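A short worksheet on the structure shown next.
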Amino acid sequence: MSLDISAIRKEFPILDQKINGKPLIYFDNAATAQRPLQVIEKMDEFSLLTNANIHRATHTLANKTTEAFESARETVRNYVNAQEVAEVIFTHGTTESINLVAFSFGEAFINQGDEVVVTEMEHHANIVPWQMMCQRRGAILKAIPFADNGELCTDQFDSIVTDKTKIIAITHVSNTLGTVNPIAAIISKAHERNIPVLIDGAQGVPHFRIDVQALDCDFYAFSGHKIYGPTGIGVLYGKRKWLDQMPPFMGGGEMIDRVTLSRTTYNQLPYKFEAGTPNYVGAIGLASAIQFVQNLDHQELTIYENQFLTAATLKLKQIEGLKIYGEAPQKAGVVSFNIDGIHPFDLGTLLDQLGIAVRTGRLCADPVMDHFGVENMVRASFSFYNTFDEIDVFYKALIRLKAMF
Ligand code: PLP
C-alpha cells in the first residue's frame, strides 16, 4: 500500500483537533467531507484578490473570475468525462440538480398517467422533487424495493418499469445502507426501452471515478461538499439531447438571450439553467477539490476504503445487540446501526463527548427507516483520511457506552 494516510491527513488541518478533550474522530463524511488546505486557500485567495461577478462586465477582475469559473466547468467536464462543457450545469448541490430535472423534464415529457420510478432506498432529495412533479403533472411515482440485506430488488425491475415509465431516478450509493447499486446494468436495461435514467451521485462521486459517457446515464447529480469541496455548489450533468428539449428551471439574469416585456428567449446551454449569480467561488473551490482527488491514486484509495469498511464492520459485529442495516455485497464506506436498549440520539451525544462525530436520526431516508421499522439510526461514514486506529477507539467507546446503559 503506497497510500500515505498521515501525509493526507496533514492536508486536512480540521482533523487535528480535540473535541471535548479527545482527539476528533470524524465519521460523518457522508453528510459532509472535510476540505483540504488547497481548497480553502484557493477560495480565500480568490476572494482576497479577484472577486467580481461573472459574464457581465469587461473589467479585468470580471474577466478573471469568468475565466476561472469556466475553467472550473472544464475541470468538472474532464472529471466526469462529459462530451462537452455545455452539459455541465452548476447548481447549489445534488438537491437542486434533481429538482431541476424533476421540474424541467417533467414539464417537457411527463403527462397524466405517466410513471416515474425511484427506489425505496433514496434520499429524500431523490423522492420529494419527483412527488411534487407527479402531483403537478398527474403522474404516478413507483419504487423498486430493497431486500433486508440492503440489495436492490433488481428482479422486480420488469414488473415495476412499464411502457408508461418516462424516467428512472436512482441513487448510485445509498447514504443509509451503503449499497452500491448496479447502475450500469439498470441504465442499459432502461435504454432498451428508451427510458432515460438520472443517477443521484451524491454518495457515488466520493467513492468512484465517474465516466458519464461510459455509464451512458442521461443525468448525473452531485454535490461539492461530499467530494472535499465547499458547500453551496453542485453539478448536474445532462445529455444535451435532453437539456435542449427541457424548459428553464428558474428565470432571471444570465439564463436569457433577449427579454422584452411581452416575451423572453433563452440563453444557450449550460446558461439556460443557471439563472442569477452563480456560486463562482464555490465552483472554483470544487475544481480545486477535484484536482486534489485526481492527484491521489484512485486504485489505492479504493483498496483502502474497502479494507476500512470490512475492518469496521467486523469490529462492530463483535458488539452484542448491535444491528447493522445494510450488508449488500457491493457496499461503500457507510455503516448504519442501532444498539439494543440505547436511543441513537443518546449514543450520538455520548460519542460526541468522546470526540467521535457520527450522524444520528432518520438520515433523510424515511422509507429506509420504515422498511426496518425503526425511528432512527446511528451512521458512521468513512473517508480515506480515517485511520484503522480510529476504528478501535470507536469500538471501545461503543463497548463503554453500552456498559453504561
Ligand atoms: N442524495 C444523497 C444520496 C445524499 O446522501 C444527499 C445528502 O446527504 C443528497 C442527495 C442531498 O445532497 P445535498 O444536501 O448536498 O443537496
Side-chain angles (χ1 to χ4, degrees), residues 26-35 39 76 89-103 118-132 143-144 146 150 152 168-183 186 197-208 210 217 219-237 249-250 273 278-279 282-283 285-286 289-290 325-326 328 330-336 357-369 371 376-383:
Y26 189 75
F27 278 175
D28 197 15
N29 295 287
T32 286
Q34 298 301 345
R35 294 167 215 165
V39 171
V76 174
I89 296 157
F90 282 120
T91 63
H92 291 107
T94 309
T95 302
E96 188 189 328
S97 298
I98 298 173
N99 272 276
L100 188 164
V101 179
F103 177 85
V118 294
T119 81
E120 191 190 7
M121 69 173 80
E122 300 305 319
H123 186 284
H124 296 158
N126 201 26
I127 299 174
V128 185
W130 300 109
Q131 276 174 342
M132 290 161 67
I144 303 174
F146 63 84
L152 191 67
I168 297 172
I170 176 173
T171 194
H172 191 167
V173 175
S174 158
N175 69 311
T176 312
L177 308 165
T179 308
V180 179
N181 284 314
I183 54 169
I186 289 171
V197 180
L198 174 139
I199 304 296
D200 172 352
Q203 302 294 342
V205 163
H207 301 289
F208 298 98
I210 306 304
C217 56
F219 303 97
Y220 195 100
F222 65 96
S223 302
H225 68 106
K226 312 253 192 213
I227 179 184
Y228 312 101
T231 51
I233 188 74
V235 171
L236 172 68
Y237 158 78
F249 174 43
M250 291 196 293
F273 291 107
N279 181 4
L286 171 59
I290 288 175
Y325 302 100
Q330 301 298 321
K331 203 182 155 178
V334 170
V335 182
S336 297
V358 293
R359 171 84 196 267
T360 50
R362 303 178 64 73
L363 311 183
C364 294
D366 282 0
V368 177
M369 301 299 129
H371 180 109
N376 300 286
M377 291 179 186
V378 180
R379 180 184 71 188
S381 54
F382 314 121
S383 165

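Keep in mind the model is a prediction, meaning the values are calculated, not measured. Whatever order the structure lists them in is the order used to number ligands and atoms, beginning at 1.
For the side-chain hydrogen bond (donor to acceptor under 3.5 Å, both in side chains) test, no residue two or more places apart in sequence or in another chain qualifies with Y237. Evaluation of the side-chain hydrogen bond (donor to acceptor under 3.5 Å, both in side chains) rule for N29 yields Y385, N386 as partners, not counting sequence neighbours. Scanning for side-chain hydrogen bond (donor to acceptor under 3.5 Å, both in side chains) contacts around Q203 gives an empty result, with sequence neighbours left out.
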Output block, N or O contacts of ligand 1, threshold 3.5 Å exclusive:
from	atom 1	to	atom 2	distance (Å)
ligand 1	1 (N)	D200	OD1	3.2
ligand 1	1 (N)	D200	OD2	2.6
ligand 1	5 (O)	Q203	NE2	2.7
ligand 1	8 (O)	H123	NE2	3.4
ligand 1	8 (O)	K226	NZ	2.4
ligand 1	15 (O)	S223	OG	2.7
ligand 1	15 (O)	H225	NE2	2.7
ligand 1	16 (O)	T94	N	3.4
ligand 1	16 (O)	T95	N	2.9
ligand 1	16 (O)	T95	OG1	2.6

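Judged purely by atom type and a 3.5 angstrom limit, S381 uses its side chain to pair as donor or acceptor with the backbone of A30.
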Quick one, H371 with Y325, criterion side-chain hydrogen bond (donor to acceptor under 3.5 Å, both in side chains). Give me CA distance, side-chain angles, the key distance, then yes/no.
CA-CA 10 Å; H371 180 109; Y325 302 100; over 6 Å; no
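By the 30° and 60° cut-offs, the orientation of the rings of F249 relative to F103 is tilted.
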